[in-house]
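Remarks on the structure that follows.
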Amino acid sequence: MYYIGVDLGTSAVKLLLMREDGKIEKVVSKEYPLYFPHPGWSEQNPEDWWNAVQEGLGELTKDCDKSQVAGISFGGQMHGLVILDKDDQVIRPAILWNDGRTQEETDYLNNEIGKDKLSAYTANIAFTGFTAPKLLWVKNKEPENFARIEKIMLPKDYIAYKLTGSFCTDVSDASGMLLFDVQHKCWSREMLAICGIKQTQLATIYESYETVGTLKPEVAKTFGFSQTVKVAAGAGDNAAAAIGTGTVGDGMCNISLGTSGTIFISSKNFGVDQNNALHSFAHADGKYHLMGCMLSAASCNKWWMEDVLQTSAFTAEQTAITEDKLGNNHVYFLPYLMGERSPHNDANARGTFIGMTMDTTRADLYQAVLEGVAFAIRDSFEVAKSLGIDIKASKICGGGAKSPLWKKIFANVLNIRLDVIESEEGPGFGGAILAAVACNEYASVEEAAAKLVKVVDSVEPDQEIAARYEERYRKFVQIYPAVKDLFPRIL
């Protein structure tokens, strides 16, 4: 049988065709526009997503036996606000996760409603990217549109609705709305009242691997699929990517070094750190997870190499950073080039070099950049450990994970084994796995991940280097508190 994973990203949708044994038969990508109507705004038209998905599904399956397509599921960009009227027409362009227009509403939620109340209601505090502040923005700035709202959706759920007619969402994606009681996996009545919405305007909630419906007859006919094709709820992109990397069960971890960086830690138990430094969300495996997100990770590497050194010879520049230098660098770098989210939640934070002397070299500065990102990920790692989560190893993926040097630095800064997996398809692969579980190909998400996710390489820490990095990290954590108050004064 075949299972389709739909990764609805910010710049494109990537569709993946997977056999029941986990082999990826084909991948298709279709781009769509991103609009910036005002500085700091970021929008897309949901119809563009649907058109791209339709085109992609046709291309993905044109050469396969379509009768063997059994299930479809998703990984999708999180937090985006999609609103429909009583005729199921999109009211306005979707406001995306990276849209910054809601600072006023975010401040209202955090400061006037209060972070303690928000955390009690939803296990999280407000960020400008979350969905609830966007709803308040529409209520305050576009009251005529707010009055027309019949259905409130997340991006991937709009695609599920177009495929099946089911008004649905999943627990992992709903967790990022600031409308969802994560601990009890239900909509928060208090947050609905704060935002002035009714529960009937919100979707039915499913676990990520549960079936939400089958294809509408006209959709099945368009693609030549059976009407019995099941559609599973799917997950937010980070949770779906975690499924695709086998980060399921208790105490499992995945580090993603993309433009931004994330550390994703699965847990069988619900937990919230006292400062809400990490997001506390429901996981696509039926349990929970913590997630820290730093805004500049591999982008720090790209900035240093391409913008500062003006070279693309990444490997050549790294050869000067020899093993004996690891943990011995006297220069530190705060990697906050775009402010920071986890664990500081400080939009004013900025990238900072400190510790340079007359004998500082080009290689020392580059090493500090790579180490600074690893230290910043460890900040979130330490928060998870403070909750009693014992992390013995982690997967590592993303563009930055292609560097053997950077993987070695990470393994020693965190002092854990890092595993590299065979597939780099992330949310799409995770979506296909969720579809397979929904179709009873596997008994559980954990069983599917154990059988389908394959480790192809591992990096072990060196205890001498790890000890040196332990000492350096203890100094690194003192830098941000020392300079924090300077940042808003120099902007």
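Small disclaimer: the values here were computed from a predicted structure and weren't measured.
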Run the side chain to side chain contact (heavy atoms under 4.5 Å, CB included) check on Arg417 and Lys392 step by step: do they pass? CA-CA 7 Å; Arg417 186 186 78 246; Lys392 299 186 182 301; over 6 Å; no
Check ion pair [X]-[Y] (N to O, under 4.0 angstrom):
X      : Y      : value
Glu20  : Lys451 : no
Asp21  : Arg19  : yes
Glu471 : Arg468 : no
Lys26  : Glu59  : no
Asp173 : Lys156 : yes

Tyr158 and Trp49 aromatic ring geometry - parallel, tilted or perpendicular at 30°/60° bounds: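 It falls in the perpendicular class, over 60°.
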Parallel, tilted or perpendicular: ring planes of Phe264 versus His289, cut at 30 and 60 degrees: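 Parallel.
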Exactly one of Asp237, Leu96, Leu154 should register a side chain to side chain contact (heavy atoms under 4.5 Å, CB included) with Met78. Which one does?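 With Met78 as partner, Asp237, Leu96, Leu154 yield a single side chain to side chain contact (heavy atoms under 4.5 Å, CB included), made by Asp237.
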Donor + acceptor pair across side chains of [X], [Y] (<3.5 Å):
X      : Y      : value
Asp170 : Tyr209 : no
Asn124 : Thr122 : no
Gln318 : Ser403 : yes
Tyr469 : Asn329 : no

Evaluate Phe167 against Val212 for side chain to side chain contact (heavy atoms under 4.5 Å, CB included), listing each step before the verdict. CA-CA 9 Å; Phe167 182 29; Val212 302; over 6 Å; no
Within the distance-only criterion (no hydrogens, no angle test), does the side chain of [X] pair as donor or acceptor with the backbone N or O of [Y] below 3.5 angstrom?
X      : Y      : result
Glu306 : Ser312 : no
Ser42  : Asp99  : no
Ser208 : Gly234 : yes
Lys185 : Asp181 : no
Ser172 : Gly236 : yes
Asn412 : Asn415 : no
Thr361 : Asp364 : yes
Ser394 : Cys253 : yes
Asn275 : Ala277 : no
Ser73  : Ala435 : no

cation_pi(Lys230, Tyr3) dist<6.0 Å, angle<=45: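 Pair Lys230/Tyr3 does not count as cation-pi.
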Is any side-chain heavy atom of [X] closer than 4.5 Å to a side-chain heavy atom of [Y]?
X      : Y      : result
Phe130 : His279 : yes
Met18  : Leu452 : yes
Leu326 : Gln367 : yes
Ser280 : Tyr288 : no
Met294 : Ile263 : no
Arg472 : Tyr332 : yes
Asp7   : Glu425 : no
Cys397 : Asn254 : yes

How about Tyr336 and His344: are their ring centres within less than 6.0 Å of each other?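 Yes: the rings meet the under 6.0 Å criterion.
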Suppose we call two aromatic rings close when their centres sit under 6.0 Å apart. Are Trp304 and Phe353 close by that rule?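 Ring-ring flag for Trp304/Phe353: true, centres closer than 6.0 Å.
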Could you measure the distance from the [atom1] atom of [X] to the [atom2] atom of [Y]? Nearest 0.5 Å is fine.
X      : Y      : atom1 : atom2 : answer
Ser458 : Ile396 : OG    : CD1   : 11.5 Å
Trp187 : Phe180 : CH2   : CZ    : 6.5 Å
Phe410 : Leu405 : CZ    : CG    : 11.0 Å

Heavy atoms only: give me the nearest [X]-[Y] pair and the separation to one decimal.
X      : Y      : answer
Val171 : Glu207 : CG2-OE1, 3.5 Å
Val248 : Ala449 : CG2-CB, 3.9 Å
Gly400 : Ala298 : N-CB, 4.4 Å
Thr10  : Gln77  : CA-NE2, 3.8 Å
Cys293 : Glu340 : O-OE1, 4.0 Å
Phe225 : Val69  : CE2-CG2, 4.1 Å

side-chain hydrogen bond (donor to acceptor under 3.5 Å, both in side chains) evaluation trace for Tyr480 with Asp346: CA-CA 11 Å; Tyr480 170 75; Asp346 185 355; 2.6 Å; yes
Mind running side chain to side chain contact (heavy atoms under 4.5 Å, CB included) on Ser166 and Val231 for me, showing each step along the way? CA-CA 10 Å; Ser166 174; Val231 176; over 6 Å; no
Carefully, step by step, assess Asp379 and Tyr473 under the rule side-chain hydrogen bond (donor to acceptor under 3.5 Å, both in side chains). CA-CA 9 Å; Asp379 282 342; Tyr473 176 69; 2.7 Å; yes
Over 12 non-hydrogen atoms of neighbours within 6.0 angstrom of [atom1] in [X]:
X      : atom1 : value
Glu31  : CD    : no
Met338 : CE    : no
Lys268 : NZ    : no
Trp97  : CH2   : no
Glu464 : CD    : no

Listed by chain and number, what are the salt bridge (Lys or Arg N to Asp or Glu O under 4.0 Å) partners of Asp65, not counting sequence neighbours?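 Result, salt bridge (Lys or Arg N to Asp or Glu O under 4.0 Å) vs Asp65: none returned.
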Determine, step by step, whether Lys162 and Gln54 satisfy the side chain to side chain contact (heavy atoms under 4.5 Å, CB included) criterion, reporting the C-alpha distance in whole Å, the side-chain angles of both residues, the deciding distance to 0.1 Å, and the verdict. CA-CA 10 Å; Lys162 298 292 281 188; Gln54 291 183 92; over 6 Å; no
